[in-house]
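Side-chain atoms are counted along with the backbone in the values below, which use heavy atoms only and exclude waters and symmetry mates.
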Amino acid sequence: VQLQASGGGLVQAGGSLRLSCAASGRTFDYYGMGWFRQAPGKEREFVAGRSKDGRGTKYTDSVKGRFSVSRDNAKNTLTLQMNSLKPEDTAVYYCAAKGGGISYRVYGTLSEYDYWGQGTQVTVSS
């Protein structure tokens, strides 16, 4: 599967952005999907994920209540709606796909994912 992330940009604190990840290749619902981010000088970290069947969701604690992850298996798209953005959300955001696996499970670690998009920059100014 090929992944293409988009939607990043520069926004003031308190603002919103919507990231999209378009997938091409094998049937989208074969993959568990996730969003990760990497800030300068820091390790890449899990942000949010959605299970293959769309029933399962998972968020890292720092974004709960502010971010929402969704997927449209008919359109082969994963979306991350980010509200109430904070300067500490500044990072390059990556979408990732985990092939096969359990349909309702959300995978939350880097090593579990098989495919990665190119990343999109999100910058939140204070």
Side-chain angles (χ1 to χ4, degrees):
V1 65
Q2 292 78 45
L3 304 173
Q4 180 76 34
S6 62
L10 173 64
V11 64
Q12 289 188 332
S16 298
L17 281 175
R18 185 178 181 89
L19 304 184
S20 293
C21 177
S24 60
R26 191 165 182 171
T27 305
F28 188 56
D29 61 8
Y30 178 73
Y31 301 95
M33 299 296 296
W35 287 101
F36 289 75
R37 66 186 179 188
Q38 188 167 19
K42 295 187 177 181
E43 294 185 351
R44 192 171 299 188
E45 65 172 353
F46 174 80
V47 176
R50 197 87 181 187
S51 61
K52 289 170 55 176
D53 63 5
R55 290 185 294 166
T57 58
K58 185 176 182 178
Y59 299 91
T60 192
D61 286 346
S62 63
V63 308
K64 286 180 180 177
R66 300 189 297 121
F67 290 12
S68 178
V69 61
S70 60
R71 65 185 294 163
D72 186 334
N73 286 349
K75 295 182 179 180
N76 293 355
T77 301
L78 178 75
T79 300
L80 184 67
Q81 178 66 43
M82 306 187 294
N83 300 325
S84 302
L85 283 160
K86 304 176 180 181
E88 50 265 43
D89 295 318
T90 295
V92 177
Y93 284 70
Y94 299 88
C95 60
K98 176 351 187 236
I102 301 171
S103 61
Y104 55 83
R105 180 176 175 182
V106 182
Y107 296 88
T109 62
L110 273 73
S111 61
E112 293 177 306
Y113 285 84
D114 306 304
Y115 305 95
W116 294 83
Q118 86 289 0
T120 184
Q121 176 71 47
V122 171
T123 304
V124 184
S125 62
S126 58

Where is the tightest heavy-atom contact between [X] and [Y], given as atom of each residue plus distance?
X    : Y    : value
G99  : Y30  : CA-CE2, 3.7 Å
Q38  : K42  : NE2-O, 3.2 Å
A91  : R37  : CB-CB, 3.8 Å
T90  : A39  : O-CB, 3.7 Å
S125 : L10  : CB-CD1, 4.4 Å
L3   : Q118 : O-OE1, 3.8 Å

If we only count heavy atoms from C-beta on, is the [X] to [Y] side-chain gap below 4.5 Å?
X    : Y    : result
K98  : R105 : no
W116 : L110 : yes
M82  : V63  : no
Y107 : I102 : yes
T109 : F36  : no

Kindly compute the distance separating [atom1] ([X]) from [atom2] ([Y]), expressed to the nearest 0.5 Å.
X    : Y    : atom1 : atom2 : value
L19  : W35  : CG    : CH2   : 5.0 Å
Y113 : Y94  : OH    : OH    : 16.0 Å
D114 : E112 : CG    : CD    : 10.0 Å

Task: With T79, the side chain to side chain contact (heavy atoms under 4.5 Å, CB included) member among C95, S68, C21, S20 - done: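 For T79, the side chain to side chain contact (heavy atoms under 4.5 Å, CB included) test succeeds with only one of C95, S68, C21, S20, which is S20.
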Joint cluster assignment, [X] & [Y], ILVMFWY side-chain distance < 4.5 Å:
X    : Y    : result
L17  : F67  : yes
Y93  : Y115 : yes
V124 : V92  : no
M33  : V122 : yes

TODO: Could you give me the CA-CA distance, side-chain angles and deciding distance for S6 and Q4, then say whether side chain to side chain donor-acceptor pair (under 3.5 Å) is met?
DONE: CA-CA 7 Å; S6 62; Q4 180 76 34; over 6 Å; no
Open item on the list: If the threshold is 4.0 Å, N to carboxylate O, is there a salt bridge linking K64 and D61?
Closed with: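 Salt bridge present between K64 and D61.
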If you look only at distance, which donor and acceptor atoms sit under 3.5 Å apart when one is on a side chain in residues 69-77 and the other is two or more places apart or in another chain?
residue	atom	partner	partner atom	Å
R71	NE	N73	OD1	2.7
R71	NH1	Y31	O	2.8
R71	NH1	S51	O	2.8
R71	NH2	F28	O	3.0
R71	NH2	Y31	O	3.0
R71	NH2	N73	OD1	3.2
D72	OD1	A74	N	3.0
D72	OD1	K75	N	3.2
N73	ND2	K52	O	3.4
T77	OG1	K75	O	2.9

